[in-house]
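Have a look at the structure below, then the notes.
Note that this is a predicted model, so its numbers are computed, not measured. The sequence lines fix the lettering, A, B, ..., with proteins before strands; numbering per chain opens at 1.
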Amino acid sequence: MNDQIFSGLNCEQQDAVTTTDGPLLVLAGPGSGKTRVITHRISYLVSELLIDSQNILAVTFTNRAANEIKDRINNMITGRNAFNLRCGTFHSFCVYILRQHGKFIGLNQNFVIYDDNDQLQVITESLKELQIDIKRFPSRSVLASISKHKSNLISYEILSGTSKNFYDEIVARVYENYQNTLNSNSALDFDDLLMKAVQLLQNSKEISDFYSNKYEHLMIDEFQDTNIAQYTLMKLLGNKYQNICVVGDPNQSIYSWRNADIRNILSFQKDYPNTKIIHLSQNYRSTQNILDAASKLIASNNANVINKLWTDNGTGEALIVDEGYSEKEEAEKIIHEIERLVKLKKYKWDQCAIMYRVNAQSRVIEEACLSNRIPYKIVGGIKFYSRKEIRDVISYLKVIANPDDDISIARIINVPPRGIGTTSYNKLVDFAKKNNKTIYQILTTFNKADELQQLIGLTRRAAASMEVFSNLLEKLITESVGITPSEIIQKIITDVGYQAYLQQDETNGLDRLENVMELKGLALQLHETEEITSMTDYLDRIALVSDIDSLDPNENSVTLITLHQSKGLEFPVVFIAGMEEGLLPHIRSMDDPVQLEEERRLCYVGITRAEKLLYLLRAYKRYGFGQGSQISIPSRFLSDISDLNVQSLEKTTSNINKNMIIPSSNNNQQEKVHSLDPIEIGTKVLHKTFGEGIVLLCTESGNDYVVDVHFTSAGKKKLLVSLANLQIIGQTK
DNA sequence: TCGTCTCCTATTTTT
DNA sequence: TAGGAGACGA
Ligand SMILES: Nc1ncnc2c1ncn2[C@@H]1O[C@H](COP(=O)(O)OP(=O)(O)OP(=O)(O)O)[C@@H](O)[C@H]1O
């Protein structure tokens, strides 16, 4: 037996690693070594059972997790290697098989992948074309519905037969139009990647045999967050050998909004009655205090009690729960605490992470890092690839790779401005639609200005511009053969005149040009480090790989990350910011008990990322989405764990103006408790700044009361009775 | 046709 | 608050 493989495993884990025949379900809580099981299991298959690594498929939730698994395996095994292991996300695996065999279901080999932005574009156009009121049916929500159906493998044909209400009917109609557009553009969206892969395996016995024969062993990590399409794909791939090992934790299911379906865990046991189930119960990550908080929290969800976790790691430090006056001070407190820990040489920057519910929260924290000169990295956030200048250049690349992509053509046809405005563009599109051709096909068939002018009814000027554009495209496409993506980007910068165009922008031009240069640099880097040389490889890669995937663990800086993205990671020191009602749980999830439970799981995921120290922070006042600062209510998740021993941060870390009312929760509750009374609904009150108003609602919150007041001039506000200093001036009838 | 200005809205999480 | 959509003038 190989020591490397077994020495780092407990009995339950060893059982999971050596159970290689038949379906296996590993259900276990956070930090119990689920991912480790996958890693060691693959190593075991390769180096002990001498399975060729090309016959193993491992699916992970992020590309980062996949890389980590591959690295670990190659470090662990000696003598043999796992270089041919297929390990990646479902999406990247689907791209792989569709590029290989997509032609069997009529896919263009050069299909492009549409991102969110492209998708919305198509939807918006469909809505216009079908004359559907965009106000009543916002493209975002229509897209979400379509995506939901696709994740459940429901095609528009099926949907239009079964739609029960008006909304569904509209969705079905847009879905059909949308899908046709994608087809004629040779484009696939994220859901199509899964759906078409399933279709490929279902429709072609030959291909399906090929893949199910190839993959003797299947492994899926984070199984609780897979959707129906992914589950179906798993079944198709695994139907020959049925050596399928899935690993997950129902309490960490946080992607149902992306159509993940937790019932897959039940389906698995039903579809494979001979499934062996293994629970892992030792947690190797966190201290007992952290685990206690986690299990207290999750106990409030009426669900999913797997076996309780225990740990050898000792009690550890008490949790720290604290409050800043504003989100700014919340951030300062966090940063000062990190500084303190680092100064004491207890931790390094990169051992600390700050997590939050929404990306918008990162801004204040980032500012605090900057002003205190703390090295940091933000995962995700305002995405590089969604900047206008980047999208423009990428659209050029997409068109070069697949000229039938009308959506990308639309984006670049007049960028930089070349005299083809909306009117001319619309004429061109109409003409193309009528003739059942793509824009590019029209432009290549009729590439002389007078032809275009006559057939489409363009002005002379527009027709001339269009001829120029048509020639430009042709030139780009021919010249791009055999050169690398970064060279093509350079062509766009110079030959297309994108640089000159950006330089006209006096305020941001330089920054934007720098971004484009960075894009080129990144392309070059991919070329050198990952041998990504072809255009499709490059485009696939930037479509599928997100920010978290390139998270560099060796860079010594503090990590700023959303709770969602933190899944699967671990840090010695974790701060969760914004422990407030409306933020965590998020306001949009508060009135649905099912969604509320997911919010609680999200908090659970965050808490269980921590190894040694856990800080839960909130702001007393937060700059609100509506207007101005609003007093916030502490998150109910804090009450869930309130009977634990918690501490607050040392006063020394805050540099608040002492004259300010500092509602560090304790003192304001204790001091005011006697003088506090609820205010009756309908009472007329006077507030120093907001003026006169009427109490709409009064609810108890801890030792205090929260009132909703409608002020005559300032509108609706939520206030804490203890602090608002409301003067009662009368009663309404 | 293009660029700027204003107004209006909606406001999470992302492969 | 920010970002998009629509209006309007050059
Ligand atoms: N048998 C073991 N001995 C020592 N350390 C272990 C053992 N098993 C796992 N670990 C360590 O525990 C930590 C958590 O492991 P891992 O990430 O595999 O857990 P997980 O169950 O996938 O967690 P999560 O579900 O929270 O992502 C890792 O640092 C891992 O190295």
Within this structure, what is the CH2-to-C1' distance between Trp257(A) and dT15(B), rounded to whole angstrom? 9 Å
It should be established whether Gln565(A) places a side-chain nitrogen or oxygen under 4.0 Å from OP1 or OP2 of nucleotide dT13(B). no
Here the distance between atom C1' of dG4(C) and atom CG of Leu120(A), to the nearest Å, is 12 Å
Which part of the nucleic acid, if any, lies within reach of Ser424(A) when heavy atoms closer than 4.0 Å are counted: base, sugar-phosphate only, or nothing? sugar-phosphate
How do Ser92(A) and Ile420(A) order along DNA chain B: which one's closest nucleotide is nearer the 5' end? Ile420(A)
For Thr423(A) and for Glu599(A), find the nucleotide of DNA chain B with the closest heavy atom, then tell me which residue's nucleotide is more 5'. Thr423(A)
Would you please name every residue forming a salt bridge (Lys or Arg N to Asp or Glu O under 4.0 Å) with Glu125(A), sequence neighbours left out? none
I want to verify a distance call: between dT13(B), dT1(C), dT12(B), whose nearest atom is closest to the Asn359(A) side chain? dT13(B)
Determine whether the side chains of Tyr114(A) and Asp405(A) contain a donor N or O and an acceptor N or O closer than 3.5 Å. yes
Taking the side chain of Arg258(A) as heavy atoms from C-beta outward, which of dA2(C), dT15(B), dT12(B) is closest to it? dT15(B)
Between Arg140(A) (CZ) and dT14(B) (P), how many Å, whole number? 12 Å
Is Arg588(A) close enough to dT11(B) that one of its side-chain N or O atoms is under 4.0 Å from OP1 or OP2 there? yes
Given dT14(B), dC2(B), dT12(B), the nucleotide with the shortest approach to the side chain of Pro417(A): dC2(B)
Do the side-chain N or O atoms of Thr562(A) get closer than 4.0 angstrom to the phosphate oxygens (OP1, OP2) of dT14(B)? yes
Whole-Å distance between dT15(B) C1' and Tyr231(A) OH? 21 Å
Would you mind reading off the distance between Asn426(A) atom CG and dT1(B) atom P, rounded to a whole angstrom? 10 Å
Determine whether the aromatic ring of His91(A) stacks with the base of dT15(B), defined as ring centroids separated by less than 5.5 Å and ring planes inclined by less than 30°. no
In whole angstrom, what separates Asp540(A)'s CG from dT15(B)'s P? 16 Å
Closest non-hydrogen atom pair between Glu598(A) and Trp257(A), with its separation: OE2-CD1, 3.4 Å
Can you see if the side chain of Arg363(A) gets near the phosphate of dA2(C) - specifically, an N or O under 4.0 Å from OP1 or OP2? yes
Between atom CG in Asp591(A) and atom P in dT12(B), what is the gap in whole Å? 15 Å
Without decimals, in angstroms, what is the distance between Lys148(A) NZ and dT14(B) C1'? 16 Å
Out of Lys567(A), Arg258(A), Arg601(A), which one pairs with Asp225(A) under the salt bridge (Lys or Arg N to Asp or Glu O under 4.0 Å) rule? Lys567(A)
Pair Asp192(A) + Lys150(A), salt bridge at N-O below 4.0 Å: yes
Spatial distance of atom CG (Asp249(A)) from atom NZ (Lys34(A)) [nearest 0.5 Å]: 5.0 Å
Over all strands shown, is Asn414(A) touching base, sugar-phosphate only, or nothing at heavy-atom distances under 4.0 angstrom? sugar-phosphate
Given dT12(B), dT15(B), dT14(B), the nucleotide with the shortest approach to the side chain of Phe190(A): dT15(B)
